[in-house]
Amino acid sequence: MTPLHRLGAAGIARAYREGTLTPPRLLRHLLDRIERLEPRVHAFVRLDAEAAMEAAEAAAAELARGRDRGPLHGVPVGIKDIIDVAGLPTTCHSRILLDNVATADAAVVARLRGAGAIILGKLATHEFALGGPAFDLPFPPARNPWNTDHHPGGSSSGSGAGLAAGFFPLALGTDTGGSVRNPASQCGIVGLKPTYGLVSRRGVFPLAFTLDHVGPMARSAEDAALLLDAIAGHDARDPGSAPAPPPRRPGGGIAGLRVGFVRHFHETDMPADPEVASALERAAAVLEGEGAVLRDVTLPSLTAFSAINRAILHAEAYAIHAPWLRERPGDYAQLTRASLLTGAFLSADDLLRAQRARGEMIEAVDCALSEVDVLMTASSMDPAARIDDAPAVARTYPRQARTPFNVTGHPALAMMAGLSTGGLPLSVQFVAGYFEEARLLHLAAVYERAAGWPASPMMEEA
Amino acid sequence: MDPSLTEALARSLGLERALAEHRDDVLAAGERAALIRAALPDPRDPAVEPVPPMRAGPRP
């Protein structure tokens, strides 16, 4: 029998409707697991066990009465601690907002409650989704369940770590420069940055308005799809919200799917660790084995994409934090402070150059996607570094190919593509046209079935 | 970026406290901004507009 913490959301939903599991029983199992393993993982900033159990009992009662809210009814979800949950602090993992209690749910949290999901608590993040991993913060940084001496990626670090540790089947993260896809890559799970505007940002503390996305994180593509269905949709109170079409559901295999492999990202622009490069070639072979047709495509360089992302991110983040940086700079962790101050020294010309170059980047990706159905790229260029090796973290952290798709707003998904000789996840990224999340999730589901990568060793612990 | 310029800019932005208490972070930030500036591509067409463009009328 599958241990309960290994069930994904889809499996949980089936078990509830077959009568073999109830929300309170699942939650008790997960809370017991969290109590035992959390001291090694530090996924949580605030576990809301009592409220979660009340919600589980309410969900069980509703399901027993025949009131079925859908596949997430009674399913626990972790929430990154920059996303508001009414009545709980949104600390952004910072001294600056330690006492900041949310008065209302973020739009995505309200949608989850409407779907009957159980809000389990607030999860560790890099400070303000930017500075980390860091040890000079009010809460410890999350650690990687594959090897707790290593970081789990970020900034949605607790989301990735908690999923890989089996603390919950679903989590929300945010992604401004890769922060859903980074922990997905380093923790061997699935993380989707949706099309910009598909998911409301209302009630999410901003890092950079132009680049911020809320995204689903899960241990499978199927579960990520279920979570996306629950949180996506137009929000008139989010100025960036898109009037998106409903998601399509492609079925069948991927025979004939045209995949554009952006090799230059990891071969020349930012040469990847050889194990990452090998994993990407193996992923390409798996896709070809499933009938996909691969060809190389060329996009603008990672250097250009990265500079545009950094200029916009730092300019907007500084604008948000300037009052605190003037009044109480010492209340930030050193990494966060140093990063946030960058925007102070960017000029209007810098920002306009970035915003003007963005148009050309969008056109280049759109042009590539007019000739293929999806793009395939590296995500992280290295496996996760030791969390206590600050120089290694500083060197490897910026080595990634995720930021191009924050710049352009295209949906991008990162997932496991192998294991390093050190036993750490390696990753791949897939990118599709605007609002083609269904295509991405379908490809991810086919790849994950064909590749068959294992879960973290911590998932084997009872 | 010249440290004295970074310091002058920081003071002009009201960042005296950050400069006094975390001078290294301020100077490093100036350097980082300079690196970003140097890596930004220039648009090929001088008439290209920033994204997103201004639009009048009701929001969707």
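Below, chains carry the letters A, B, ... as their sequence lines are ordered, and counting in each starts from 1.
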task: Evaluate the side-chain proximity of B:Arg37 to A:Arg353: yes if any heavy-atom separation is below 4.5 Å, no if none is.
output: yes
query: In Å and rounded to the nearest 0.5 Å, what is the OH to CG distance from A:Tyr332 to B:Asp25?
result: 12.5 Å
query: What part of B:Ala18 gets closer than 4.5 Å to chain A, counting heavy atoms only: side chain, backbone, both or neither?
result: both
statement: Okay, A:Phe305 and chain B: the region with an atom under 4.5 Å from a heavy atom over there is neither
Shortest non-hydrogen contact from B:Ile36 toward A:Ala307: CG2-O, 3.7 Å
- prompt: Does A:Glu267 CD have over 12 foreign heavy atoms under 6.0 Å away?
  reply: yes
query: Counting only heavy atoms not in B:Glu49, do more than 12 fall under 6.0 Å of its CD?
result: no
message: Rounded at 0.5 Å granularity, tell me how far CG in A:Leu341 sits from CZ in B:Arg32.
response: 8.5 Å
message: Let's test your reading of the structure: which of A:Glu360, A:Gln334, A:Arg310 forms the most heavy-atom pairs below 4.5 Å with chain B?
response: A:Glu360
task: Give, for atom CD of B:Glu21 and atom CZ of A:Arg337, the distance between the pair rounded to the nearest 0.5 Å.
output: 8.5 Å
query: Does any N or O in the side chain of A:Gln355 come within less than 3.5 Å of the main-chain N or O of B:Pro52, such that one atom is a donor and the other an acceptor?
result: no
- prompt: Which heavy-atom pair separates A:Ala338 from B:Ala29 by the least distance, and what is that distance?
  reply: O-CB, 3.8 Å
- line: Distance col, row A:Arg326:CZ vs B:Leu13:CG, nearest 0.5 angstrom, shows 8.0 Å
- request: First locate atom CG of B:Leu40, then atom CD1 of A:Ile312, and finally report the distance between them rounded to the nearest 0.5 Å.
  value: 9.0 Å
- request: Could you tell me which non-hydrogen atom of A:Met361 sits nearest to which non-hydrogen atom of B:Pro41, and how far apart they are?
  value: CE-CG, 4.3 Å
field: Best-contacting candidate, A:Arg358, A:Arg328, A:His314, against chain B by heavy atom pairs under 4.5 angstrom
entry: A:Arg358
message: Just so I understand: if I count every heavy-atom pair under 4.5 Å between each of B:Arg44, B:Glu16, B:Met1 and chain A, which residue has the most?
response: B:Arg44
task: Would you mind checking which part of B:Ala38 comes under 4.5 Å of any heavy atom in chain A, side chain (CB onward), backbone (N, CA, C, O), both or neither?
output: neither
- prompt: Tell me, side chain or backbone of A:Glu327 under 4.5 Å from chain B's heavy atoms, or both, or neither?
  reply: backbone
field: Side chain, backbone, both or neither of A:Ile362 within contact of chain B (heavy atoms, under 4.5 Å)
entry: side chain
query: In terms of heavy-atom proximity below 4.5 Å to chain A, should B:Asp24 be classed as side chain, backbone, both, or neither?
result: neither
- request: Starting at CG of B:Leu27, measure out to CZ of A:Phe345 and round the result to the nearest 0.5 Å.
  value: 8.0 Å
- prompt: Measuring heavy-atom distances to chain A, does B:Ala47 have an atom under 4.5 Å in its side chain, in its backbone, in both, or in neither?
  reply: backbone
